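Some notes on the structure that comes next.
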Protein chains: 2
Amino acid sequence: MNSTSTSTNKFEQLADLKQKSIIDASVNEFANNGFKNASVNKIVEEAGISKGSLFNYFKSKNLLFDHIYQIALREVKTYLAKVRDESKNDDFFTRFSKIINSGIAFINKHPRLAKIYFRLLNSDDSPHGKVIVQKLHSEAIRYLTQFVETGIERNELRSELNPTTVAFLMESTLNRILQVHYLEIIDTKSELSKIDNNWIDEIVDTLKMGLSK
Amino acid sequence: MNSTSTSTNKFEQLADLKQKSIIDASVNEFANNGFKNASVNKIVEEAGISKGSLFNYFKSKNLLFDHIYQIALREVKTYLAKVRDESKNDDFFTRFSKIINSGIAFINKHPRLAKIYFRLLNSDDSPHGKVIVQKLHSEAIRYLTQFVETGIERNELRSELNPTTVAFLMESTLNRILQVHYLEIIDTKSELSKIDNNWIDEIVDTLKMGLSK
DNA sequence: TTAAATAATGACCACCCGGTCATTATTGTT
DNA sequence: AACAATAATGACCGGGTGGTCATTATTTAA
């Protein structure tokens with residue numbers, strides 16, 4: 001059996017290669033068209049299986065999508081956990097830079113998953129879309145609030161700061177940077193982007209030093 | 001004739017009331033379903049006209065959508081121009097607060113247009129979507145860069161700051177605040193939201209003072 | 001009042017959708 | 001080799017799509 005309930009046991013029992021080709025085709029189609037506009041017919045064609053088989057593995061388009069986006073979220077979380085653990089001994093601002101760079105690396109390595117992720121965040125044509133978005137947002141805030149609290153404890157940040165407010169600012173900035181980078185690499189298919197290390201450092205530094213005289 | 005080329009002259013020559021009902025129905029349908037999933041059949045039904053007539057006024061669904069989103073953008077720009085002019089004598093941070101509040105007021109007054117606006121920003125199922133998004137982003141940055149430069153000239157901001165970087169930070173924050181507010185009022189149908197004046201002031205103040213000790 | 005010009009209509013078109021299920025092909029068991 | 005169990009198939013279903021156009025209704029002009 002499977003840990004999730006999105007796919008039937010029949011899908012898990014398939015040969016790995018077949019599973020991969022189905023997932024690959026689905027990721028492609030959902031990434032390029034969102035949920036509603038994605039075509040099951042195109043997926044089965046690209047995967048090289050019959051429609052009846054697909055609906056034997058997944059009871060509906062909805063459940064197929066659930067399976068796919070859970071893959072995307074699992075991958076994102078792996079990245080975030082990794083950067084959190086690997087940057088334990090860095091100061092707050094270095095850590096923040098590393099989080100941003102980790103996000104950029106993720107987009108470079110998994111552009112199609114990133115596409116699904118952003119579609120999930122930003123449109124409501126996906127099943128459970130609203131619920132997922134709110135869960136993601138609050139998880140992100142919680143994740144970042146930890147960093148802020150650690151930073152305050154370590155005397156790297158002003159103690160008067162409201163951690164939630166700072167986390168909100170960080171999340172806004174992170175989100176926008178990744179979105180800009182994502183739009184750029186989706187268009188140009190190149191990993192070169194104006195979002196380079198200098199640009200990131202300048203943003204983080206501006207946040208660090210503040211705007212006022 | 002008309003200043004834009006999205007609608008035929010036939011649409012402009014219609015009685016105002018008829019025009020309004022068509023626009024109203026279209027705004028509804030596009031706001032609730034995005035471009036591709038919006039149904040022309042539903043629009044003509046709600047507007048109380050025949051399908052043939054609609055395609056006589058607008059040559060395609062594409063051009064109808066163009067007409068609608070241009071209305072949305074025009075309305076947004078009116079708001080932004082108003083707050084820019086009305087806050088000329090305020091200091092930088094007060095102005096930024098006012099911009100945010102103006103955005104919130106817009107969402108409260110025109111939730112359906114806001115929905116179209118966010119859909120435009122965040123999904124690519126609309127015609128010319130990518131181009132529009134990039135134009136909007138650079139326009140926003142330009143608009144905010146003006147504020148920053150004025151702030152530096154008036155000695156309200158540190159002179160070492162890179163205006164574009166600050167504008168980017170402002171735009172990220174503004175965007176996220178409005179998005180959160182938008183999601184809240186869409187769900188609750190109430191104008192009450194955790195995005196109140198205190199919350200906004202705290203965010204602006206954090207940006208102002210910076211994070212470091 | 002009548003005829004010509006214009007506007008409105010909705011049945012119809014080809015196409016695509018998600019999902020079903022009787023039929024066929026493959027596999028496993030004796 | 002023969003049979004049963006299981007897996008794969010794709011024609012088919014009802015329904016929806018954007019768009020068209022011959023027909024009908026309305027307005028305008030003489």
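So you know, we letter chains A, B, ... as the sequences are listed, proteins then strands, and number each from 1. The structure presented is a predicted model; accordingly, all values stated were derived computationally and were not measured.
- Each of A:Y182, A:Y69, A:F106 was checked for a ring pair (Phe, Tyr, Trp, His ring centres under 6.0 Å) with A:F118, and the lone residue meeting it is A:Y182.
- Residue B:S50 places at least one side-chain N or O closer than 4.0 Å to OP1 or OP2 of C:dT9.
- There is no side-chain donor-acceptor pair under 3.5 Å between A:H181 and A:R176.
- For the pair B:K10 NZ and C:dA5 P, the computed distance is 15 Å after rounding to whole Å.
- Straight-line distance from the CG atom of A:L54 to the P atom of C:dG19: 10 Å, rounded to whole Å.
- Atom-to-atom, CD of B:E45 to P of C:dA8 comes out at 19 Å; the value is rounded to the nearest Å.
- Centroid-to-centroid, the aromatic rings of A:F92 and A:F147 stay 6.0 Å apart or farther.
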Under 3.5 Å, which N/O atoms of the protein pair with N/O atoms of nucleotides 18-23 of chain D?
residue: D:dG18; atom: OP1; partner: B:A38; partner atom: O; Å: 2.8
residue: D:dG18; atom: OP1; partner: B:K61; partner atom: NZ; Å: 2.8
residue: D:dG18; atom: OP2; partner: B:V40; partner atom: N; Å: 3.0
residue: D:dG18; atom: N7; partner: B:K51; partner atom: NZ; Å: 3.4
residue: D:dG19; atom: OP2; partner: B:K61; partner atom: N; Å: 2.8
residue: D:dG19; atom: N7; partner: B:K51; partner atom: NZ; Å: 3.2
residue: D:dG19; atom: O6; partner: B:K51; partner atom: NZ; Å: 2.6

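- When side chains are defined from C-beta on, B:V76 does not count as touching B:H110, because their heavy atoms never get closer than 4.5 Å.
- Put simply, CD1 on A:I22 is 14 Å from P on D:dA7, counting in whole angstrom units.
- Using cut-offs of 30° and 60° on the angle between ring planes, the pair A:F11 and A:Y57 is tilted.
- Side-chain N/O atoms of B:Y57 include none lying less than 4.0 angstrom from OP1 or OP2 on C:dA7.
- Summarising the geometry, the separation between CD on A:Q13 and P on C:dT27 is reported as 16 Å, rounded to the nearest angstrom.
- The nucleotide whose nearest atom lies closest to any side-chain atom of A:K18 is, among D:dA8, D:dA7, C:dG10, D:dA8.
- Residue B:Q19 contributes atom CD, which lies 14 Å from atom P of C:dA7 at whole-angstrom precision.
- One side chain, B:S50 or B:S53, offers a donor N or O that lies under 3.5 Å from an acceptor on the other.
- In this entry the distance linking NZ of A:K42 with P of C:dC15 reads 14 Å, nearest Å.
- As a whole-Å value, the separation of B:I43 CD1 from D:dG16 P is 16 Å.
- In this model, a donor atom of one side chain and an acceptor atom of the other lie less than 3.5 Å apart for B:K115 and B:N32.
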